[in-house]
Amino acid sequence: MISEKEKMLRGELYLASDPELCTDGLSAQKILHEYNASRPEESERRRFLLQRLFGELGKDVHIEPRFHCDYGYNIRLGDRVYMNCGCVLLDVCPIDIGEDTLLGPNVQIYAATHPLDGKIRKHRGPEFGRPVRIGSDCWIGGGAIICPGVVIGDQSAIGAGSVVTKNIPSGVLAVGNPCRVVKEL
């Protein structure tokens, strides 16, 4: 029989209330609590906590507290990724962020989503996810929202406050709600 965690990782409908997933989520929240309470000069401790949390952590990654994610183990960060304060990554499926990518404050990346059919959603029913990939050398402006299943190509910039609902090619500036390409870079 397939576990709820396996269903989640496959992007199938799963129950987030599953005991194994609740344990995984609680473990992540404990690490995040320590991380978010750490002092700025505790860079070694912060790195240690992020290594425990993430599936892959590149060199010279810097994440300003307060930071939030669901599980952490589905997040892969390349070298020199920077996240400003208030970023949220809902990682029920893989979230991959390439090297030298910068996220402004309060960027939200959602791999998690819910069925559109209210009968299925009723009473905290099953949910599912779609992987998100952000390429290398990208800049994601403050307050941007990256929706489930989106791929952003290398060397692209997303304007502050944009809502990215569809894939964005490499080497472009994209802005708005919904986010659309406005020029090549």
Side-chain angles (χ1 to χ4, degrees), residues 5-14 28 32 35 46-47 50-51 53-116 127-185:
K5 183 175 182 175
E6 290 171 314
K7 291 178 192 175
M8 177 185 80
L9 296 173
R10 292 179 179 184
E12 299 172 4
L13 287 174
Y14 72 95
L32 288 166
Y35 186 83
R46 285 182 174 182
R47 173 94 184 158
L50 292 178
Q51 286 173 325
L53 184 64
F54 292 144
E56 188 175 317
L57 181 68
K59 297 175 188 170
D60 300 319
V61 168
H62 187 85
I63 300 174
E64 296 286 348
R66 293 211 46 101
F67 170 73
H68 178 81
C69 65
D70 283 329
Y71 301 102
Y73 51 65
N74 291 318
I75 299 172
R76 294 173 193 84
L77 303 179
D79 296 343
R80 297 170 302 281
V81 167
Y82 175 81
M83 291 186 209
N84 212 319
C85 59
C87 288
V88 174
L89 279 65
L90 301 184
D91 64 310
V92 303
C93 280
I95 295 177
D96 296 327
I97 301 175
E99 62 186 26
D100 298 306
T101 289
L102 310 174
L103 279 63
N106 300 310
V107 168
Q108 300 175 51
I109 302 173
Y110 304 149
T113 190
H114 298 273
L116 296 177
E127 55 189 70
F128 65 102
R130 297 286 179 256
V132 174
R133 168 117 176 64
I134 299 173
S136 296
D137 299 314
C138 291
W139 174 53
I140 312 298
I145 298 172
I146 314 299
C147 292
V150 164
V151 175
I152 298 173
D154 295 340
Q155 299 177 335
S156 284
I158 305 298
S162 295
V163 179
V164 186
T165 60
K166 296 184 177 170
N167 293 348
I168 302 295
S170 295
V172 299
L173 170 62
V175 301
N177 181 5
C179 190
R180 53 183 125 346
V181 174
V182 294
K183 73 176 187 176
E184 291 187 23
L185 299 175

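All values derive from a computational prediction rather than experimental measurement. If you read the sequence from its start, that first residue is 1, and numbering goes on from there.
In this pair, H62 and Y82 present their aromatic rings parallel. The plane angle is below 30°, not in the 30 to 60° band.
Looking at C179 and I168, their side chains come closer than 4.5 Å, going by heavy atoms from C-beta outward. Using a 4.5 Å heavy-atom cutoff, the side chains of S162 and I145 are not in contact. Contact annotation: the side chain of N74 approaches that of L9 to within less than 4.5 Å [non-hydrogen atoms, C-beta and beyond]. V88 is not listed as a side-chain neighbour of I109, based on a closest heavy-atom distance of 4.5 Å or more. Contact check for M83 versus L102: no side-chain heavy atoms found under the 4.5 Å cut-off. Counting heavy atoms from C-beta outward, L103 and N84 have side chains that stay 4.5 Å or more apart. For the pair Y71/M8, a side-chain contact is recorded, criterion being any heavy-atom separation below 4.5 Å from C-beta on. Using a 4.5 Å heavy-atom threshold, the side chains of F67 and L32 count as touching.
Once rounded to the nearest 0.5 Å, the distance linking CD1 of I95 with SG of C69 reads 8.5 Å. To the nearest 0.5 Å, atom CD1 of residue I97 and atom CD1 of residue I75 are 7.5 Å apart. Once rounded to the nearest 0.5 Å, the distance linking CG of D70 with CG of L89 reads 9.5 Å. For the atom pair CD of E12 and CD of E127, the computed distance is 14.0 Å after rounding to the nearest 0.5 Å.
Contact record, D91 with Y73: OD2-N, 3.8 Å, taken as the closest heavy-atom pair. Taking each heavy atom of D100 and R80 in turn, the nearest pair found is OD1-NE, 2.6 Å. Here the closest heavy-atom approach between residue V132 and residue P148 is recorded as CG2-CA, 4.2 Å. When all heavy atoms of P65 and R46 are compared, the closest pair comes out as CG-NH2, 3.4 Å. A pairwise comparison of heavy atoms in T165 and P178 identifies OG1-CB, 3.9 Å as the closest pair. For the pair R47 and D60, the tightest heavy-atom approach, listed with the atom from each and the gap, is NH1-N, 4.1 Å.
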Given the rule in the side chain to side chain contact (heavy atoms under 4.5 Å, CB included) test, do W139 and T101 qualify, once you have shown the distances and angles that lead to the verdict? CA-CA 6 Å; W139 174 53; T101 289; over 6 Å; no
What's the verdict on side chain to side chain contact (heavy atoms under 4.5 Å, CB included) for E99 and S136, showing C-alpha distance, side-chain angles and the deciding distance? CA-CA 5 Å; E99 62 186 26; S136 296; 3.5 Å; yes
For V164 and I158, run side chain to side chain contact (heavy atoms under 4.5 Å, CB included): C-alpha distance rounded to whole Å, both residues' side-chain angles, the deciding distance at 0.1 Å, then the answer. CA-CA 8 Å; V164 186; I158 305 298; 3.7 Å; yes
Show your working on side chain to side chain contact (heavy atoms under 4.5 Å, CB included) between Y110 and I146 and close with a plain yes or no. CA-CA 6 Å; Y110 304 149; I146 314 299; over 6 Å; no
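We find that R76 and D96 are joined by a salt bridge, their nearest charged nitrogen and carboxylate oxygen being less than 4.0 Å apart.
Under the 3.5 Å distance criterion, the side-chain polar atoms of D137 are left unmatched by any main-chain donor or acceptor of D154. Without hydrogens or angle criteria, S170 side chain to Q155 main chain gives no donor-acceptor distance under 3.5 Å.
At most 12 heavy atoms of other shown residues, nucleotides or ligands fall within 6.0 angstrom of atom CG in L116.
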